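A quick write-up on the structure given underneath.
These numbers were taken from a predicted model, which means no experiment stands behind them. So that the names make sense, note that chain A is the first sequence line, chain B the second, and so on, each numbered from 1.
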Amino acid sequence: MAPQTRGMSFPKVLIERESDTEESSSEEEEVEEDEDEGENDVGEESNEEHVEEKDEPSTSTKSRRKPITISLKKVCKVCKKPGHEAGFRGATYIDCPMKPCFLCKMPGHTTMSCPHRVATEFGVAPAPCKTVRSTLQYVFERQIRCQISAIRPAFVIPNKVDCAVIRYHSRRITCLEFHPTRNNILLSGDKKGQLGVWDYEKAYEKTVYGNIHDCILNNMKFNPLNDGTVYGASSDGTASCTDLETGISSTLVNLNPNGWQGPNSWRMLYGLDMNYEKGILLAADNFGLLYMVDARSNNVIGKPVLIHKKGSKVTGLNCHPLQPDLLLSCGNDHFARIWDMRRLEAGSSIYDLPHKRVVNSAYFSPHSGSKILTTSQDNRLRVWDSIFGNLDTPSREIVHSHDFNRHLTPFRAEWDPKDVSESLVVVGRYISENYNGVALHPIDFIDVKTGQLVAEVMDPNITTISPVNKLHPRDDVLASGSSRSIFIWKPMDDSELKPQRDESRILQCGNGGKGRKGKFEDDDDDDFDNDPYGSKSSKTKKRHLKSKRKC
DNA sequence: ATGCAATGAGCCC
DNA sequence: TGGGCTCCCTTGCA
């Protein structure tokens, strides 16, 4: 039997549409026409449904000449057509059949019947047969890759929440970074520009610095010369260097020295990486430009270089782990590009890797740097197996649900830095599955060698999507950011999975707001008061938000 | 329980 | 090229 779906009562739906002010007049007419057509030519499906006519309440009919026809027929909220309805039935989402599959984007079937839904290896496009190999690639294959395969260990999956901070940040989490030397320190950035520093082994030792950036902290990177400081790139147009002990920050780059001059000129920094060999911090903005900063003097080097389409966002930067002259970038122009740092100028990329949509992230594999992994908004992970080989087409395309949603931090598939075989990848999943009556969004572990889903981890209490995930560089630990909360996952045997989690390791933070979903909320906070909105009136909050609108 | 708003990318003209 | 409109599984708050 179908569980109750919220908002299903007919009159409410209809009244809601009636009360849509400006749009309603034209839309209603359209709906009316559609329905009339539907009545005439599709009577077969909706024959039990009734079309009723109802006069508008007298108060609002003055401006309308004729009575408004209101259908009580069920209408799909996606395509506005009768005969079916998209949306949740309990914890199961029913697709609109008129739209392409929400997962693989192909027409003709829905997500429920999509072959990629069950087994991700269906999405693997076989690598093209490469008949030509460079000498370098041959040596690599013979001397390195074969060893890697031989010593490849079983994957260790952090599958149980060990500790968490609920409502740690006052806005959604946008990036996570483990401290390079202090094992239990996790840094987190949020949409408001705040920086969290948390020792998750001493769960209560956490700080949030709120005065570093004015809006979205898009990326963070450590300086290996001084791991007491961290770099940040923000949508406020600045790149920062922050002391983790004091929270004191210096601005390395400010792209908006004259302040807010309108949305067309406001510059934001997204991509960020550190070239350790050259001692250069790299940052890129929403106009396609790359900036370089000398990490010793903190001075900007040279002029910015156009590395992606003029006026388009550069979403990510990644330096090669072994070859300091190689840089990987990706952006909203649907490309990931490989660059030679010695010859950085507009149009001089070594290779352009085309995608069908925006590329959220592009990373070299963490050890050899011979592979490239990209996450694109076309719901595909792409892997190029060898940067020495044919880069014309990706070796694999893995269909995976990580759609764009303006209210979610963009998904980024990340390599497991501990996996010497360079095949394990973690990425959050957008679409939910019905797990015992609860819609959950798992975090997926994928073997990109085969395209197979190795593991999907979830917790019945985490009902929000987890787009931000980071695997620890040394420990078997996963940190995930879901909405405003952070979760630390560790591996557990099946037997250990059965007992209830130790709730004492779940910290409650924030202003205690009650979400529509989520079960961590209770009333016994607050050990944590970094949220300046907590004590403000909603009017004050709205005013404050308006002032940040540019971000 | 439900309405609403925040606000990014794509597409059309 | 840029403005305006639309939008499919969000989330938190009023």
Give the rounded distance in Å between these two atoms: [atom1] of [X] and [atom2] of [N].
X	N	atom1	atom2	result
A/His308	B/dA9	NE2	P	14 Å
A/Asp403	C/dT10	CG	P	11 Å
A/Ile431	C/dT10	CD1	C1'	15 Å
A/Arg117	C/dC9	CZ	P	15 Å
A/Arg89	C/dC9	CZ	C1'	13 Å
A/His407	B/dG8	NE2	P	9 Å
A/Ile166	C/dT11	CD1	P	13 Å

Please step through side-chain hydrogen bond (donor to acceptor under 3.5 Å, both in side chains) for the pair A/His400 and A/Asn379, ending with a clear verdict.
CA-CA 5 Å; A/His400 178 266; A/Asn379 264 2; over 6 Å; no

Contacts of A/Asp95 that satisfy salt bridge (charged side-chain N to carboxylate O under 4.0 Å, His left out) - sequence neighbours left out:
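A/Asp95 satisfies salt bridge (charged side-chain N to carboxylate O under 4.0 Å, His left out) with no residue once adjacent residues are dropped.
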
Sequence neighbours left out, what passes salt bridge (charged side-chain N to carboxylate O under 4.0 Å, His left out) with A/Lys221? Give chain and number order.
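For A/Lys221 the salt bridge (charged side-chain N to carboxylate O under 4.0 Å, His left out) partners, ignoring immediate neighbours, are A/Asp273.
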
Counting only side-chain N and O atoms of [X], is one of them less than 4.0 Å from OP1 or OP2 of [N]?
X	N	answer
A/Arg357	B/dG8	no
A/Lys105	C/dC8	no
A/Ser483	C/dG12	yes
A/Lys310	C/dT1	no
A/His334	B/dG10	yes

Candidates A/Lys99, A/Lys356, A/Arg380 - the one meeting side-chain contact (heavy atoms from CB on, under 4.5 Å) with A/Lys105
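Considering A/Lys99, A/Lys356, A/Arg380, a side-chain contact (heavy atoms from CB on, under 4.5 Å) with A/Lys105 is found only for A/Arg380.
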
